[in-house]
Peer 1: 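One structure is given below, represented as structure tokens, and several questions about it will come after.
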Protein chains: 2
Amino acid sequence: MSQMLQIHDQLREMILSLDLGPGERLTERWLESRFEGSRTPIRAALVRLEGEELVRRDGRNWIVAPIDLGELEALAEFRIPLETTAVRFACARASETDIAGVEEMLDACQSGAPREEWHRVGTDFHVEIARLSGNPFIVKAIAGAMTRLSRARWLEVWTEPSREQAWREHRRILGFIKANDPEAAAREAADHITDTRDRLLRSLNEDRRGLRARGFAVIGLR
Amino acid sequence: MSQMLQIHDQLREMILSLDLGPGERLTERWLESRFEGSRTPIRAALVRLEGEELVRRDGRNWIVAPIDLGELEALAEFRIPLETTAVRFACARASETDIAGVEEMLDACQSGAPREEWHRVGTDFHVEIARLSGNPFIVKAIAGAMTRLSRARWLEVWTEPSREQAWREHRRILGFIKANDPEAAAREAADHITDTRDRLLRSLNEDRRGLRARGFAVIGLR
DNA sequence: CGGTCTTGTTTGGGATACCAATTCGGGATA
DNA sequence: TATCCCGAATTGGTATCCCAAACAAGACCG
């Protein structure tokens, strides 16, 4: 693989894992030494990440895209029509094998699993459901939305019951798809998005102090 | 403005206007002489355009993204839930001034206007409606979808009646938003997307021979 | 003591040099 | 005549170089 793609992937990972703080400045020279490559591939990776909105220009400088907690509501508004559509199409189009694949993914995440695992599966589930719709535009849009949500979800304080709740909802959505009940699946999906949004906002609100202490801008959070 | 952005915009324009044929190979050296800049800003522009899926890698080479007429159906599936949601939010949120702005845009496109004008307004209308929703994610998704549709729409054989039909539908959608009737607006928007998709597919089907003669791959068109 | 101007350093934008890989032609050979 | 092989030319990938603008620190002046 080209060096540029390696740098892109590594940097992307560092940003999404909050290894690089939101708003943090990135100088091309620092990245140069960090990744032991010259500026050319680094600049290409930055331009690419800019397209994914994980990195942004601040005047002439590069910064890690800040987390705007205010966009959580808009994100839910965006996801609901798309994901309800996705599950409806999934009912009509997904094969039993495809559905079983998603089921396995959920099963593979046991209660003892590390936090990273829960986080990843919690994101991938939605993308995989979108994939069942057979519509590549829906898949890409959902994947993008989940990426934007990803960092905020790291900030969430996960309690055992809330995590269990989310997993129950995932299983219910999948169950309705399996039972070929598109309207129930759509209703469940919409409720799930609303619920997780509320859980996330409540958690972030209760933890404002902790967030500030960790250096995160709480601007945008009502 | 930076040279890279100039190159990006010009190249984008050339691609969307079919000035550069879909699938055509782009060598960095040719672009270098064409835009009288060095490869550095050109590569940045290409990486950026790759993110917009207007340019693509073919092995080690760059090519103008081919038009896949087979994705027209998926595109309509994608747009319907988003645009129906957009008009519903528009009813609840758009100010009369905002609506009047869109109305002006439609009025400005008289029957004597050049084809480019009709093409542009026919695209922008949907983006502006999305903007009325107040949701930036919907706006960006619709803008992206209309961009992907743009080149196929150039291939369409526009007859006077079909163009008039589309414009009537636009006005009806806007009318229902103005009348604050979200469900009627949503129904109208969904019908409009279906109708334009059908018109486009019918036109392209009837003109297969012409398309081939002009060098366009008709693959993907049922 | 405070403000301002200067100057040296650092940054990103662009140009160019170099390299490895791929492509394409032409000529030798069966 | 068809095929294979080798080399020249071209390509994209990477490294490096130069420059102008931004920035920061410090000296100088009021």
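Order of the sequence lines fixes the chain letters, A, B, ..., with proteins taken first and strands second; residue numbering starts at 1 for each chain.
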Peer 1: Keeping Trp118(B) on the side-chain end and Ala113(B) on the backbone end, is there a donor-acceptor pair under 3.5 Å?
Peer 2: yes
Peer 1: Rounded to whole Å, please give me the gap between CE in Met4(B) and C1' in dA15(C).
Peer 2: 17 Å
Peer 1: Check DNA chain D against residues 38-51 of chain B and give the residues with a non-hydrogen atom under 4.0 Å, in numerical order.
Peer 2: Arg39(B), Arg43(B)
Peer 1: May I have the distance from Glu28(A) (atom CD) to dG14(C) (atom C1'), rounded to whole angstrom?
Peer 2: 11 Å
Peer 1: Looking only at side-chain N and O atoms, does Glu156(B) offer a donor or acceptor that is under 3.5 Å from a partner on His119(B)?
Peer 2: no
Peer 1: Rounded to the nearest angstrom, tell me the gap between atom CD in Gln3(B) and atom P in dG12(C).
Peer 2: 18 Å
Peer 1: May I have the distance from Ile7(A) (atom CD1) to dA15(D) (atom C1'), rounded to whole angstrom?
Peer 2: 12 Å
Peer 1: Between Arg57(B) and dT11(D), does any side-chain N or O lie under 4.0 Å from OP1 or OP2?
Peer 2: no
Peer 1: Salt-bridge test for Glu28(B) and Arg43(B): reply yes if a basic N is under 4.0 Å from a carboxylate O, no otherwise.
Peer 2: yes
Peer 1: Are Arg148(B) and Glu53(B) ion-paired here, with the side-chain N under 4.0 Å from a carboxylate O?
Peer 2: yes
Peer 1: Can we say Glu50(B) and Arg56(B) salt-bridge, meaning some charged N sits less than 4.0 Å from an Asp/Glu carboxylate O?
Peer 2: no
Peer 1: Is Leu26(B) touching bases, backbone alone, or none of the nucleic acid, heavy atoms closer than 4.0 Å?
Peer 2: sugar-phosphate
Peer 1: Given the ring of Trp62(A), does Arg25(A) sit roughly above its face, with NZ or CZ under 6.0 Å from the centre of the six-membered ring and within 45° of the axis?
Peer 2: no
Peer 1: Would you indicate what Gly59(B) reaches in the nucleic acid, counting non-hydrogen atoms under 4.0 angstrom: base, sugar-phosphate, or nothing?
Peer 2: nothing
Peer 1: Would you mind telling me which residue lines up with the more 5' stretch of DNA chain C, Arg25(B) or Glu32(B), judged by nearest nucleotide?
Peer 2: Glu32(B)
Peer 1: Restricting both atoms to N or O, compile the protein contacts to nucleotides 19-25 of chain D shorter than 3.5 Å, with distance only.
Peer 2:
none

Peer 1: Give the rounded distance in Å between these two atoms: CG of Asp58(A) and C1' of dT11(C).
Peer 2: 13 Å
Peer 1: Is it true that Arg93(A) and Glu77(B) make a salt bridge, defined as a side-chain N closer than 4.0 Å to a carboxylate O?
Peer 2: yes
Peer 1: Go through it in stages, so that I can follow the logic: the residues are Glu169(B) and Arg199(B), the test is salt bridge (Lys or Arg N to Asp or Glu O under 4.0 Å), and I'd like the CA-CA distance, side-chain angles, deciding distance and then a yes or no.
Peer 2: CA-CA 13 Å; Glu169(B) 292 176 359; Arg199(B) 271 196 293 273; 3.7 Å; yes
Peer 1: Given Ile7(B), which partner from the list Met4(B), Gln3(B), Gln10(B) fulfils the side-chain contact (heavy atoms from CB on, under 4.5 Å) test?
Peer 2: Gln3(B)
Peer 1: What is the distance, to the nearest angstrom, from the CD atom on Gln6(B) to the P atom on dG13(C)?
Peer 2: 14 Å
